[in-house]
Q: 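Dropping the structure in here first, questions after.
Atoms within a ligand are numbered from 1 in the order they appear, just like the ligands themselves.
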Amino acid sequence: MAADIIDGKKIAADIRGEVKEQVEELLEQGDVRPGLSVVLVGDNPASAVYVRMKAKACEETGIKSEVIKMEKETTQQELEDVIDRLNADPSVHGILVQLPLPEQIVERDIIMRIAPEKDVDGFHPVNVGRMVIGDPSAFRPATPAGVVEMLMRTGHDPSGKRVVIVGRSNIVGKPLAVLLMQKMKGGNATVTVAHSRTQDLAAVMREADILVAAIGAAEFVKGDNVKPGAVVIDVGVNRLDDASTEKGYRLVGDVAYDEAAEVAAAITPVPGGVGPMTIAMLLTNCIKAAREISGIS
Ligand code: NDP
């Protein structure tokens, strides 16, 4: 059996098209252009690439974006001062501080400093709490929201299904479990969260109707970990050395794709699966922020 490929690039392009229409609507309805400010501290090359991709996606959809670059020696106070300024600026609807931050900065305090109504990453405890209680005003973190969206848009409604998520991080595994268990559209699944202490992980994974890998270990999930006919969502992004490529490496997911695709009914590729969805969902959060701050529903 060859699995259907869940094309995250295509779904993300559709969502970007919808975001563009909403930007035009906001301009017409209230002369409001959604604005996102991204703060990049230091010179982490991967972070610089992610920030560029986010800024480009904003540009394409008409969202105004600015990237604020700060030295890697930036102090806690300097970064907090920038956040305070952005919190107070009415033309800024979304604030995103690219993680990870240099070690002298206390990440948790920075996340707490962002006004919850501008926290388009959905990492502020106020938004996390709202999400847990099913409050629709919460910003949903982009990667988990992207996973739910791609399931729904490809006819794989998780309602009633047994979902196994491998990974329990605060940015992927935990919030995804919360979204999938909610009593609302895109939820209603029976969710198991597995991690490095899970006993007999192979058997747990094989119970899944929808198996999500968010581990950070290249090709960890093998074909025989997948129940025949399951849907496999691969969140992982890992570099594998590969001298045959121009860059000297290639990107692979947490799932051994070829093996899993033999068994699964549908699967996301890496790259081109969850990654593009993450950026698309960030844009939808910017629209949500602009609507709520400007009072245009
Ligand atoms: P973390 O390192 O924060 O979490 C990894 C999780 O996997 C942990 O819960 C850990 O368990 C679990 N784990 C690690 N090894 C094993 C193992 N041998 N058996 C079972 N569980 C294990 O990673 P993130 O959640 O931040 O990211 C996961 C992956 O997703 C990465 O590859 C990352 O690059 C990618 N990613 C992709 C995004 C995208 O947009 N496509 C966005 C964000 C992340 P424990 O808690 O017990 O340590």
Q: Does some non-hydrogen atom of A214 fall short of 4.0 Å from ligand 1?
A: yes

Q: Using a 4.0 Å cutoff against the non-hydrogen atoms of G167, which atoms of ligand 1 qualify?
A: 6 (C), 7 (O), 9 (O)

Q: Which atoms of ligand 1 are found less than 4.0 Å from any heavy atom of L201?
A: 19 (N), 20 (C)

Q: Show me which atoms of ligand 1 lie under 4.0 Å from any heavy atom of G275.
A: 40 (O), 41 (N)

Q: For residues 148-170, which residue pairs pass the salt bridge (Lys or Arg N to Asp or Glu O under 4.0 Å) check, not counting sequence neighbours?
A: E18-R153, E149-R153, R162-E207

Q: Considering heavy atoms of the protein only, find what lies nearest to atom 37 (C) of ligand 1 and give residue, atom and distance to 0.1 Å.
A: V235 O, 3.1 Å

Q: Under a 4.0 angstrom heavy-atom cut-off, which atoms of ligand 1 come close to T143?
A: 40 (O), 42 (C)

Q: Do E24 and R33 meet the salt-bridge criterion of a basic N to acidic O distance under 4.0 Å?
A: no

Q: Just jot down the ligand 1 atoms closer than 4.0 angstrom to any heavy atom of N238, in number order.
A: 32 (O)

Q: With rounding to the nearest 0.5 Å, note down the distance linking CG in L40 to NZ in K72.
A: 12.5 Å

Q: Suppose I only count heavy atoms of T278 and a 4.0 Å limit; which atoms of ligand 1 are within that range?
A: 39 (C), 40 (O)

Q: Quick one: list whatever passes salt bridge (charged side-chain N to carboxylate O under 4.0 Å, His left out) with E292, sequence neighbours left out.
A: K288

Q: Can you report which non-hydrogen protein atom sits closest to atom 29 (C) of ligand 1, along with the distance?
A: G216 N, 3.6 Å

